[in-house]
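Only this structure's heavy atoms are used, side chains among them; waters, hydrogens and symmetry mates stay out. Counting convention: from 1, in listed order, for ligands and their atoms alike.
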Amino acid sequence: MSERASGARICVPLCADDFEGAWQLAARAHAVADMFELRLDCFDEFARADRAPVELIQALRPFIRERTRPLILTLRPEEQGGWSHLRAEERARFWRELFARGEAPDFVDLELDLIEGLGHEALDWSRIICSHHEFLESPIDLEALYERMARLPARLLKIAVSVTDAVECLPIFHLLARARRDGRQLIAIAMGFAGVVTRVLGPAHGAFLTYAPLIKEGATAPGQVTAAELRDLYRIDAINRETQIYGIIGSPVAYSISPQIHNRAFASRNMDAVYLPFETRDVESFIRRLVHPRTREVDWRWRGLSVTIPHKSAILNLLDSVDEAARQIGAVNTIVVEEDGLRGYNTDAEGVLAPLREAIDLKGARVAIIGAGGAARAALWAFKREGARVTLFARDLPKAQPVAREFGADLQSLAEARFASFDLVVNATPLGARGANEGRTPATAEQLRGAGIAYDLVYNPSETLFLREARQAGCRTIGGLSMLVAQATRQFELWTGEEAPVDLMLEVATRALEKN
Ligand code: NAP
């Protein structure tokens, strides 16, 4: 049995129906795992109350003896997020017997309430992880919980709370700082996709380990990132307290491929930097408490943020300065974090033009933009600057009227629209995008017949119904992926001052979408 030599300790949970399955998982995970957590609550035979503890320990013995990595044993009850139906007395009987026989492996994860009812003399504290998992919606006093746990002489403390907004991860980092000061070893995790940052940055801030499944389907808690993603995408072994922090804020961000694009770009340049997804609804709190150099409560080396739906407009008021183009567009999709404040930019406008450079001379061209939201505003601004004659097509004319007026564009109703006289038709609505809008199009082949180029800003999926209809109508087509990559390369340049690895970013984005 050995530990991998690495910067961060990754513990891969082994959740299988039986020991045979657990062995197979352990063999597959050996290369990426520093430790294993054997989740006894996943096993059928540990779910039954009629099995005597002695029998269970006998069944377990070969696995413990022949373990290939340090091992944590866990028998998590349902109310703490596990699968065991055993009552507390039954679980307590099993653990007492295990300790009494001296069969406990490197670590045994015991829930705080179970420990408090177990009788301390029965335990070998040098092997105990005292844990608590909190799934309540309302925030709990984590400091008080930590203090209650820290009164016990357990080797490790573990606190996991579920979160729905990235700003709720802050108390986890406060706890890790507190444990460092107290000289206690702590595993502190925010569960749920909004907690990903605690799983990636936790070890650099003193967390004893981070849990990661071998494959996504093997996750034993919400929001777990796979061990391979932690090592290869986020480069967790190289992350330290000096690592530059970047990320994307928005809601939802779970399906964003920006972490793939930017992390690979940073890696290709050997930069000490990481890019994280931040599921954020309360953007004001996020900026104030986590990011802004004057008010933030963390000592992270922030460098930049991407901003996506629904915060591109609201964010303007939270920044110290906003680039003139972004101000005119009314939306910021890129923040550069300086020592004295936050600067906002809009790279969508340049992004929207990039794929058109070779395809069309926009000066005097007739351009139709379908939709009047944030992406349409960036496109309007860019096309007007290039000297195009733009008509906006919207489903809600009174709503779109001020936008058209602001940018000096004509306005027409989308219903019954005909695009024959346009050199370029741009879909700036979410119709066709993965999710509820998949398989929908803002225009049919019949409506598009006679138009020159059809350009879909939707990039996921890369093949949309709008593009298919446009091809059927004889139009040339451009998908949204090249815009996505173009705006990302401009972000990279604003953040780093270096030329972006464009080909690599395009290749990564294409591959990420194929897998999506
Ligand atoms: P947004 O601000 O929410 O605006 C969406 C626009 O689409 C609104 O004008 C909305 O009209 C209209 N719309 C929505 N559903 C419609 C429907 N069923 N029929 C007709 N119009 C409809 O969103 P956004 O930020 O502009 O983004 C639009 C799309 O562009 C998204 O799919 C986004 O992913 C994509 N995008 C791509 C890139 C890229 O790099 N490729 C960059 C930015 C955006 P109402 O106001 O009437 O609701």
Minimum-distance protein heavy atom relative to atom 42 (C) of ligand 1 = Met483 CE, 3.5 Å
Near Val458, which atoms of ligand 1 are under 4.0 Å from a heavy atom of that residue?
-> 32 (O)
closest protein heavy atom to atom 11 (O) of ligand 1 is Arg395 NE, 3.7 Å
Using non-hydrogen atoms of the residue, decide whether Ala428 is closer than 4.0 angstrom to ligand 1.
-> yes
The protein heavy atom nearest to atom 31 (C) of ligand 1 is Pro430 CA, 4.0 Å
For the pair Glu463 and Arg471, find out whether any cationic side-chain nitrogen is under 4.0 Å from an anionic carboxylate oxygen.
-> yes
Nearest non-hydrogen protein atom, atom 23 (O) of ligand 1 | Ile309 CD1, 4.0 Å
What is the closest protein heavy atom to atom 29 (C) of ligand 1, and at what distance does it sit?
-> Thr429 O, 3.6 Å
Are Arg366 and Phe422 in a cation-pi contact, defined as NZ or CZ under 6.0 Å from the six-membered ring centre and within 45° of the axis?
-> yes
With a 3.5 Å cut-off and no angle check, do the side chains of Ser306 and Gln491 form a donor-acceptor pair?
-> yes
Using protein heavy atoms only, decide if any is under 4.0 Å from atom 46 (O) of ligand 1.
-> yes
Atom 43 (C) of ligand 1: which protein heavy atom is closest, and how many Å away?
-> Lys312 NZ, 3.8 Å
Are any of the heavy atoms in Arg440 under 4.0 Å away from ligand 1?
-> yes
Can an N or O of Ala433 be found at a distance shorter than 3.5 Å from an N or O of ligand 1?
-> no
So is there a nitrogen or oxygen of Leu484 less than 3.5 Å from a nitrogen or oxygen in ligand 1?
-> yes
Ranked by distance from atom 35 (C) of ligand 1, the top protein heavy atom is Leu457 O, 3.9 Å
When you measure from atom 1 (P) of ligand 1 to each heavy atom in Gly374, Ala331, Ala378, which option holds the nearest one?
-> Gly374
Leu431, portion touching ligand 1 at heavy-atom distance under 4.0 Å | side chain
Please determine if Arg294 and Asp320 form a salt bridge, counting it only when a charged side-chain N lies under 4.0 Å from a carboxylate O.
-> yes
Is the cationic atom of Lys158 (NZ for Lys, CZ for Arg) positioned less than 6.0 Å from the six-membered ring centroid of Phe208 and within 45 degrees of its normal?
-> no
For ligand 1, the portion of Leu414 having any non-hydrogen atom under 4.0 Å away | side chain
Verify the distance criterion only: is there a donor paired with an acceptor across the side chains of Gln412 and Thr391 at less than 3.5 Å?
-> no
Does the ring center of Trp495 lie less than 6.0 Å from the ring center of His262?
-> yes
Pick, from Pro355, Ala372, Ser256, Ala488, the option with the minimum heavy-atom distance to atom 9 (O) of ligand 1.
-> Ala372
Are Glu507 and Arg264 close enough for a salt bridge, meaning some N to O gap below 4.0 Å?
-> no
Do any nitrogen or oxygen atoms of Asp348 lie less than 3.5 angstrom from nitrogen or oxygen atoms of ligand 1?
-> no
Option of least heavy-atom distance to atom 25 (O) of ligand 1 (set: Pro398, Ala375, Ser258) = Ala375
Which residue owns the protein heavy atom closest to atom 8 (C) of ligand 1, what's the atom, and how far is it?
-> Gly373 N, 3.8 Å
Quick one: do the Ser251 and Arg281 side chains pair a donor with an acceptor below 3.5 Å?
-> no
Do Gln487 and Asn333 have side-chain N/O donor and acceptor atoms under 3.5 Å apart?
-> yes
Phe407-Phe383 aromatic ring centre distance below 6.0 Å | no
Test: Glu386 and Arg357 ion pair at under 4.0 Å = yes
Within a distance of under 4.0 Å, is there any protein heavy atom near atom 33 (C) of ligand 1?
-> no
Under a 4.5 Å cut-off applied to non-hydrogen side-chain atoms, are Thr496 and Arg269 in contact?
-> no
